[in-house]
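So you know, we letter chains A, B, ... as the sequences are listed, proteins then strands, and number each from 1. Only a predicted model underlies this, so the values are computations on that prediction, with no experimental measurement involved.
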Number of protein chains: 2
Amino acid sequence: MRKNNKGITIYDIAEKLKVSPTTVSRALNDHHSISKETTLSVKKLAKKMGYRPNSVASNLRKNKTNTIGVIVPLINRPFIAALISGIEDTASQSDYNVIISQTYDSYKKEVATAHTLYSSRVDGLIVSLAMETRQYDHFHAFLENKIPLISVDRIAPELETDCVAIDNHSAGFKATEHLIEMGCRRIAHLGGAQHRNTYRGRQQGYLDALKKHNLPIDERLVVHSKLSMEEGRESTKYLLGLPNPPDGIFSANDSAAVSAIQYAKLKGWHIPQDLAVIGFNNDPISSIIEPQLTTISHPAHDMGKIAAQQILRHQEYGHIVQSQNTVLKTEVIVRDSTQRKITTSSIHRNSA
Amino acid sequence: MRKNNKGITIYDIAEKLKVSPTTVSRALNDHHSISKETTLSVKKLAKKMGYRPNSVASNLRKNKTNTIGVIVPLINRPFIAALISGIEDTASQSDYNVIISQTYDSYKKEVATAHTLYSSRVDGLIVSLAMETRQYDHFHAFLENKIPLISVDRIAPELETDCVAIDNHSAGFKATEHLIEMGCRRIAHLGGAQHRNTYRGRQQGYLDALKKHNLPIDERLVVHSKLSMEEGRESTKYLLGLPNPPDGIFSANDSAAVSAIQYAKLKGWHIPQDLAVIGFNNDPISSIIEPQLTTISHPAHDMGKIAAQQILRHQEYGHIVQSQNTVLKTEVIVRDSTQRKITTSSIHRNSA
DNA sequence: TTGTACGCGTTATCAA
DNA sequence: TTGATAACGCGTACAA
């Protein structure tokens, strides 16, 4: 019976019940100081009147929003969607909301989004950096005010936060070594921009694996792009057209790897006999392509869960929580695109 | 210089500048009544002091959160991820936040989520219904309080909201008719639960196409499941084991269609000669499988954009806005899995 | 053009 | 066990 019929508040309940709003508030939150009868009657009336708590008011008063902000490059990618799903799982279990936004790899949009989310007073922020981003001032407000900030997957040493990521170097190393074990001696790499940790790590792993096995490093075999399907195809076209083409490709993602297979097959190459291919991420397409793509597992869903848990722990224990970097395990998922019988494939173009 | 160093408020700025908080508030919002000099000096100091507007307070005062709530079954699906991406695009352009939550097709979780989002006072809600959901009381609060509620894709007549969806019947009809045009005479259907409009519509379209072309309806050729890869495989195993197996399959999604192809090939069937297969959704896997899968386009990203736009229009024009149902076009994307003879039909061939 | 005073709905503090 | 009061930070009707 207050001004508008729109929102029933604790005052409305208090009035009808002839108690104070304080009591109503406490009853609704199961505060121990309120008698069972009062609590019960408050809840009963609240339900009857269709009362809906107003989180906005509560958030303001408590200076806490129970909300996690998430900034990612692009939602519509298998890896990112799984990441978000993991975050949402954990968050919703603890009654946290999740606000998402995508940057499309634009620095400008990342800055704007970070500001918006700060204004929204999210209780924590999970970020996977945009490709373009090379400075990190837009996150300072979070750091200064001790709002937990977690970088996932695409991280940066300049941004001093807790991180959840994989060991890209080790993964790239394992991928390359796998090809070597399968008999490849001239291994190409489809890589991404080197200022992002993910692609840089994978490429370094690739190079180090070659070194370890005393294989020559040929710069012509390293191709950088955004690793789209189209670019994967173009890169492969270039590689296979070389006077001395590779006998194996390690691609830093599955899209490019899949299109590499498609192009190579089109041109009559046999996979994996003539060309072994290994991808990265274990996207759904990797197990559909023929031959099925050997790839590196990427625990995106777990990553999301862990990142969210880390934020929740900060909430729970305040800032006693140790800063913490989580490095998740990856593994080579061996499928047909690299499974060549060493005996059959010993027809090498060049012997080192 | 107020109590804590944590939050700088308009009061802090006002104090330093010896103006009233009102003036600061107005200056920051570019209110016309404030002189340019004042506005400038306020903004300058605000920046210098590292002021960050508190949306929570603003939201409470304005009774508006600039937030769209989104409820979907499961984020980590190509179709849903694209939908969310579309919503976020449109929302962020108008400075709206997007809160997402997934139900895992559980009615219970949908109810809880709806309540949470109502408490968060989202300015609008976009829902794709959980599989389990058969009653809709949990959305009443939105309807009663004139909070725009849009159903997308999975909609229900019992829930009287604006809708954005495709014409599932027409799509199912076209898919089936395409198989018939390709010479199939015994067409099976991999369908989903019939109480959800999407799968029901597709199946009805299938049945009506058969009727139109005077093909017999054989109930043994209609298999219901959740259309996972595993179930697609099992269903196909059953179908191909029938004494009189089908020569075409219309699957209500791409996952099941892809696994149908995989299983059939494994058993020595030739696609499309022995068995033509058409899927639904145009997921990435559909253009990777061999032969590439003919499927139905599903404008998920556009759906998201349109749904968000509809909410924004409600915000802008109040409740003058007409209730509105949007039905998006779908088309048959013809690929190799159904190309059993050269067709001169007007259907456009597409391999993207 | 600027300021005063109040309210948004809730919760924390202190007193009873 | 309950209540009165203030406060969270901002926006706005009204007054100056």
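An OP1 or OP2 oxygen of C/dT11 is reached within less than 4.0 angstrom by no side-chain nitrogen or oxygen of A/Tyr11. For A/Ser25 and C/dT10, the shortest distance from a side-chain N or O to OP1 or OP2 is not below 4.0 Å.
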Are there any protein N/O atoms within less than 3.5 Å of an N/O atom in nucleotides 2-4 of chain D, and if so, which ones and at what distance?
unit_1	atom_1	unit_2	atom_2	d
D/dT2	OP1	A/Thr38	OG1	2.7
D/dT2	OP2	A/Ser35	N	2.9
D/dT2	OP2	A/Thr38	OG1	3.4
D/dG3	OP2	A/Ser20	N	2.9
D/dG3	OP2	A/Ser20	OG	3.2
D/dG3	OP2	A/Thr23	OG1	2.3
D/dG3	N7	A/Arg26	NH1	3.2
D/dG3	O6	A/Arg26	NH1	3.2
D/dG3	O6	A/Arg26	NH2	2.6
D/dA4	N6	A/Thr22	OG1	2.9

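Contact annotation for A/Asn29: backbone-only contact, meaning every heavy-atom pair under 4.0 Å involves sugar-phosphate atoms and none involves a base.
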Next item on the list: Report the C-alpha separation of B/Tyr107 and B/His138 in whole Å, then their side-chain angles, then the decisive distance to 0.1 Å, and conclude whether the ring-ring contact (aromatic ring centres under 6.0 Å, His included) test is met.
Entry: CA-CA 10 Å; B/Tyr107 168 70; B/His138 47 303; 5.5 Å; yes
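Applying the ring-ring contact (aromatic ring centres under 6.0 Å, His included) criterion to A/Tyr136, with sequence neighbours excluded, gives no partner residue. In this structure, B/His140 has no side-chain hydrogen bond (donor to acceptor under 3.5 Å, both in side chains) partners at least two apart in sequence or on a different chain. A/Asp89 is linked by a salt bridge (charged side-chain N to carboxylate O under 4.0 Å, His left out) to nothing, counting only residues two or more places apart in sequence or in another chain.
Between B/Lys36 and B/Lys62, the residue whose closest nucleotide on DNA chain C is further toward the 5' end is B/Lys36.
One atom, CG of A/Leu28, and another, P of C/dT11, lie 8 Å apart when rounded to the nearest Å. Across the protein-nucleic acid pair, B/Asn66 atom CG and D/dG11 atom P stand 12 Å apart, rounded to whole Å. The nearest whole Å value for the distance from the CG atom in B/Asn63 to the C1' atom in D/dG9 is 16 Å. Taking atom NZ on B/Lys64 and atom P on C/dG9, their separation rounds to 17 Å, with Å as the unit.
Of the candidate nucleotides C/dA12, D/dC10, C/dT10, C/dT10 has the atom lying nearest to any side-chain atom of A/Asn54.
No donor-acceptor pair under 3.5 Å is formed between the side chain of B/Ser85 and the backbone N or O of B/Leu83.
Using a 4.0 Å cut-off between charged side-chain N and carboxylate O, B/Glu110 and B/Arg154 make no salt bridge.
Within a 6.0 Å radius of NZ in B/Lys108, no more than 12 heavy atoms belonging to other residues, nucleotides or ligands are found.
The C1' atoms of five pairs define one axis at each end of the helix from C/dT1-D/dA16 to C/dA16-D/dT1, and these two axes lie 30° apart (to 10°).
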Per-pair distances, 0.1 Å, donor-acceptor, side chain in residues 42-50 of chain A, under 3.5 Å, sequence neighbours excluded:
unit_1	atom_1	unit_2	atom_2	d
A/Lys43	NZ	A/Asp30	OD1	2.7
A/Lys43	NZ	A/Asp30	OD2	3.2

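Below the 3.5 angstrom threshold, one finds a donor paired with an acceptor across the side chain of A/Arg61 and the base of C/dT11.
Between the side chains of B/Arg52 and A/His115, at least one donor-acceptor pair of N or O atoms lies under 3.5 Å.
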